[in-house]
There are 4 protein chains.
Amino acid sequence: MKVTESGADTYEVKVFRVIMRGPADVTGLVRLLEDGQLDPRHIVAILGKTEGNGGVNDFTREYANSVFSHTLAAYRGLRPSEIEENVALVMSGGTEGVLSPHATIFARVPAKMAACGAKRLAVGVATTRDFLPEELGRAEQIEATTDAVRAAMTNAGISRKEDVHFVQIKCPLLTAERMEAAKARGRKTVTEDAYGSMAYSRGASALGVAIALDEIASPVSVKAVLDDWSLYSSVASTSAGIELARNVIIVMGNAPGLGGDYVIGHSVMRDAIDIDGVLRAFSSAGLGNAGDISAVGRERIVNVFAKAEPSPDGLVRGFRHTMLDDTDISATRHARAAVGGLIAGLSGCTAIYVSGGAEHQGPPGGGPVAVIARAG
Amino acid sequence: MKVTESGADTYEVKVFRVIMRGPADVTGLVRLLEDGQLDPRHIVAILGKTEGNGGVNDFTREYANSVFSHTLAAYRGLRPSEIEENVALVMSGGTEGVLSPHATIFARVPAKMAACGAKRLAVGVATTRDFLPEELGRAEQIEATTDAVRAAMTNAGISRKEDVHFVQIKCPLLTAERMEAAKARGRKTVTEDAYGSMAYSRGASALGVAIALDEIASPVSVKAVLDDWSLYSSVASTSAGIELARNVIIVMGNAPGLGGDYVIGHSVMRDAIDIDGVLRAFSSAGLGNAGDISAVGRERIVNVFAKAEPSPDGLVRGFRHTMLDDTDISATRHARAAVGGLIAGLSGCTAIYVSGGAEHQGPPGGGPVAVIARAG
Amino acid sequence: MKVTESGADTYEVKVFRVIMRGPADVTGLVRLLEDGQLDPRHIVAILGKTEGNGGVNDFTREYANSVFSHTLAAYRGLRPSEIEENVALVMSGGTEGVLSPHATIFARVPAKMAACGAKRLAVGVATTRDFLPEELGRAEQIEATTDAVRAAMTNAGISRKEDVHFVQIKCPLLTAERMEAAKARGRKTVTEDAYGSMAYSRGASALGVAIALDEIASPVSVKAVLDDWSLYSSVASTSAGIELARNVIIVMGNAPGLGGDYVIGHSVMRDAIDIDGVLRAFSSAGLGNAGDISAVGRERIVNVFAKAEPSPDGLVRGFRHTMLDDTDISATRHARAAVGGLIAGLSGCTAIYVSGGAEHQGPPGGGPVAVIARAG
Amino acid sequence: MKVTESGADTYEVKVFRVIMRGPADVTGLVRLLEDGQLDPRHIVAILGKTEGNGGVNDFTREYANSVFSHTLAAYRGLRPSEIEENVALVMSGGTEGVLSPHATIFARVPAKMAACGAKRLAVGVATTRDFLPEELGRAEQIEATTDAVRAAMTNAGISRKEDVHFVQIKCPLLTAERMEAAKARGRKTVTEDAYGSMAYSRGASALGVAIALDEIASPVSVKAVLDDWSLYSSVASTSAGIELARNVIIVMGNAPGLGGDYVIGHSVMRDAIDIDGVLRAFSSAGLGNAGDISAVGRERIVNVFAKAEPSPDGLVRGFRHTMLDDTDISATRHARAAVGGLIAGLSGCTAIYVSGGAEHQGPPGGGPVAVIARAG
């Protein structure tokens, strides 16, 4: 995956949030392309929230993926598969509660080297090779992810690890069919439960990020995956989907020497109701002082990106939650709805990116939260 | 339903929030009774949040109801049916997202007339007669509710309408069986959809409150039910359940001349992410200034009571939500999860009372929110 | 919608059942086209069962629709929209229980006039105009459907009404957005509940079939829709979907003078467990004698097409069912699973077409069942 | 658990199937007791199908359990806990599709030794000790179950293993709370997924039955649980529930020397659509010849007992099913609905006992099916 940067010293990131009236609605993207606000060759990543169940049989992700790649292919005169090689398409399913389906489009536009020193939003992408079903949730996935995160940092032009504020990864899951394929080759997958495999894939990917950014020591024992919750990344956000066989990585941070108007900040929610964590993230992106809700510059928020999960011990600040024991609604759907309600309230907008399943992404029951804002 | 007040000039309200480890867990209540903190004869109402789906086939409500009434019956030497005549048992199903199953127990303890003038929390209860299936959602239910709200105000000792801050109602719903019974008698029910009947019953009950408190003019056309969303009460909170055939009403407010340490305040959430509405309710109960989140006296909060619903126009501040189009998760479950996440974040506790289905309770898409706090 | 019949006296119908490994899996179709077994210009209809929830937010239908039309467009050198004009694409969501996702492809192949008299499978298609949201479930939809059924009979070459054995219709539904659009124009839709609108659209469409085939008298009062269950068609099968705004009609029957190896038969299931009804349909298609399960020529079955619904009175042969009172699983999902289990057992195969929501399609709680078989 | 047999040579089994209009509806039982048809001291077991989700948070099981034991306690002048010691109360959740909530009551009535030789229905019960959370799904649970099955055979008076036709077991599951309790004691449970723990508990219990009846060799490696599907019992039916901590076992078979009018037979469904397996079970109970559906003596069927599960390889006779990949509806709910539809069709009644989760109960994807009938 390479990023076009012809004829310029450096680049600036442009970010557009477009609504989606269904998983196949690309009218927001098309309008930007037709208006001339966006050159299709500059698009490096699209992060979508689609309205499926976010689980194994959520086909809204691959459907949106397909329509976005077909649309860009038509505008660029390429095949859809070539678009998927060049643009990081990450669709996260699940818009429970107030969450509103939308996509965030990231473009890298060639620019002259910025004179002054303020850091600006930087974005880089990379991918791993395709994984075999039996590699998911294990050392192979962790290590390949670590390498790809480093490649994406280089691609973004970010040299310091502390300048990385968000690492979005799309990773594969195991279907009944893929598990049978492994078994037919005499291999045992990490789990035989399709829904459960999503957690393993997300967890291993997050540990790969943590190693790349020196948040934890390497190597990690494969037994630690979904077991040792003290190991986590504070900036990883990983989503599993049926539509791919490899990991796709998007690194976001701030870097000097870039053009553009945007900055990114982040913090960590310690638990699912950690309002102070969200306000710290706002503050980290230059949006007022943490703790004072009336001082938040909501109108400068471009989007908020957060991970949500039910705490594995079944408690939130000592009070029992019922998310893990509900046989009717999957735990990730519960968690997205609740955290989505909180962050939407704080940011004043429901078209935010809240993704479920935060294994090894932030502390247990919590998760990373990042904010992209217009520089003040 | 009468409230024991023997040998005292007045009363004070005691409020206890106890956790529930399942729909049948009454150990919190039993501990209060065994410790001598609570005299069973003083209990006037119990508001529970149980962990069912909150829909038609949520049997956790009637199960909890049954266990609470059997337990109190044993302590008071009465039959369970006598308890149900004397104590307003309201179980609201649905603890989606972070919400934690619990019950709030209200007791009226005889006290000497308070000398000074500060108003304190007052509670009164009343019931309507049993309704026929075909009366639900129609004029009969509205009118009987209006009368019962006035009776409950008298019971509480609240004379001014503006002193009423929350009116909790439990109302019946239509099952397939009840609809057939009406049809067999040649009567047509307001709807033939069991889940849909919950909305009609909640809506008509709320309009009954609005009339009793002069929030809207009387009479209301029966066509307005679930149609004219400009008609609503700012303090009504109504929950439908399979376990009863009549409306049970609990009026909460502040009144002069009472004992006790508690006060209640309320406001209205204009939509499902109205953080300012929640903070106004906190402020109304004397918990800091609205808008400054760091100044909220969270440790003084006893419980928060709120209604949640998906906005009928499918939008939250212009952005589409998907709650009404989801065939897998009912819209009320979505709404409770989202609003529960927001209020839990603001109040720092997940054992709060967020109930779904806010038809004619607050503006469309929003709902009333009340707070009981220890006086500062 | 016209059907190519160039250079031939008559036609024969070819029917192919292909499995689908996901909503976008068209490899079965592609193989037939690549192998030369099927000329893309001959395809007149595709009936798919996709693995969504079959409800309002089931996007697997439009996703499959999109992929099938794009694929055929590539093979025929047309635009996808032109394919949709010329081929009746009907995707029915929901493969609960044992049901297996698949598609049935119908082709009309030019043939010389058959000499002998045995009737053979005939297929014809037609469409209505696009409907406005407020026309769904009302007279406009009923009447336009009646006209289109007659047009499809003519297209099939079926002149006698008793030779029609199955009429498959795909019809629109109301989303929150479409309802708002109608309201904005000052129009009231037949319901404000998206899931409920599917029933109205299916019911009105089925009544349109019943009138066209003289099963009931015309005109039908609009009040009869979803109310007078004595009015129904014994051959109508209607499915609502978000992906279209008009009705698409496929008429299937037997006609003299055609080529081909296939015949169709049908009967009616009186209730959801009517095993004798299914066996009568088998018998009607020449597959052994009704009642003797061991004599069914299962290996000659090409596919079975049936409608399923929960009986509106909440009973099956006097015993209560819980489908209509379940807030977690929609009633149509329950019904498809149960009826699918029964018919799959009888036919020995799970890739059968069982569709939910049988309003005015067969008697209440039952539904039509048709079988296409190779002639014995 | 002992079974009253005072003053008689032998006993006869009486079986009553009563409908339930809700999880707490015991009016069917009460009518039998009030009419004098049934002496409460003779009841040895009650098998109920309640209308919950059959999963972790299905409280309809414990609710029904509680109401049945309270009711019997009142009639026998005992405490509810004493009833639970003396009567095997097994509530299986889930009445998906057409299944109808009901209970089957088994009574052992003292009788004179039968002179002639025909075998008649025999029932015996036993329980294990309470298990620790970490014992579930492991050797401790398997071994204790084997012992208890043998005890229940002795209790029933069945000496030959081939005379055992059905062994119903109710077993515990792991909740988030129970898993935390084990972890606090430094123990690791077999899984950390509550829903997944139900499968482990059911599987280990079934293997215990298989050993007791010499269907498989002992000891079984603990690794075989949920892994080696070639190991299974053809008569075990195990259901997990939140309401108990031990296994409760009911053995049913035919024995010589008993009184009564009932016999039991069984067979195995090889897969979820194995209609021949069901007919073989009918035949085994003397209800006509297998294969001829019209010859089944449906009016003599008292109840059918079957287990259902999605085949672990994701296929039914080569066709893919989607039960294991559905994040919205749990796989056991799908399977009960489908198998329930088939067996209800064959037996002509929807108040049948179809229970989900057939791990090591019959071949993978299939399950045991037993029939109690009035002797011809």
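Computed from a predicted structure; not experimentally measured. We name chains A, B, ... by the order of the sequence lines, and we start the count at 1 in each one.
Side-chain contact check for B:Thr191 and B:Asp193: no donor-acceptor pair (N or O, by modelled atom type) lies under 3.5 Å. Checked by atom type, the side-chain pair C:Asn57/B:Asp325 shows no donor-acceptor distance below 3.5 Å. Between B:Ser330 and C:Thr327, the side chains place no donor N or O within less than 3.5 Å of an acceptor N or O (distance only, hydrogens not considered).
Annotation: maximal heavy-atom pairing with chain C below 4.5 Å, among B:Glu192, B:Glu180, B:Lys183, B:Arg320, occurs at B:Glu180. Interface remark: of the candidates B:Asp328, B:Leu226, B:Ile242, B:Leu315, B:Asp328 forms the most heavy-atom pairs closer than 4.5 Å to chain C. Taking chain C as the reference chain and counting heavy-atom pairs below 4.5 Å, the highest number among B:Thr332, B:Leu324, B:Ile329, B:Asp313 is found for B:Asp313.
Although no hydrogens or angles enter the test, the distance criterion places no donor-acceptor pair under 3.5 Å between the side chain of C:Glu134 and the main chain of C:Thr189. C:Asp228 places no side-chain N or O within donor-acceptor distance of the main-chain N or O of C:Ala224, the cut-off being under 3.5 Å. With hydrogens and angles disregarded, a donor-acceptor distance shorter than 3.5 Å links the side chain of B:Lys307 to the backbone of B:Gly356.
For a heavy-atom cut-off of 4.5 Å, chain C lies close to no residue in residues 197-208 of chain B.
Residues B:Lys223 and B:Asp227 are not paired through a salt bridge, judged by the lack of any N-O separation under 4.0 Å between the basic side chain and the carboxylate.
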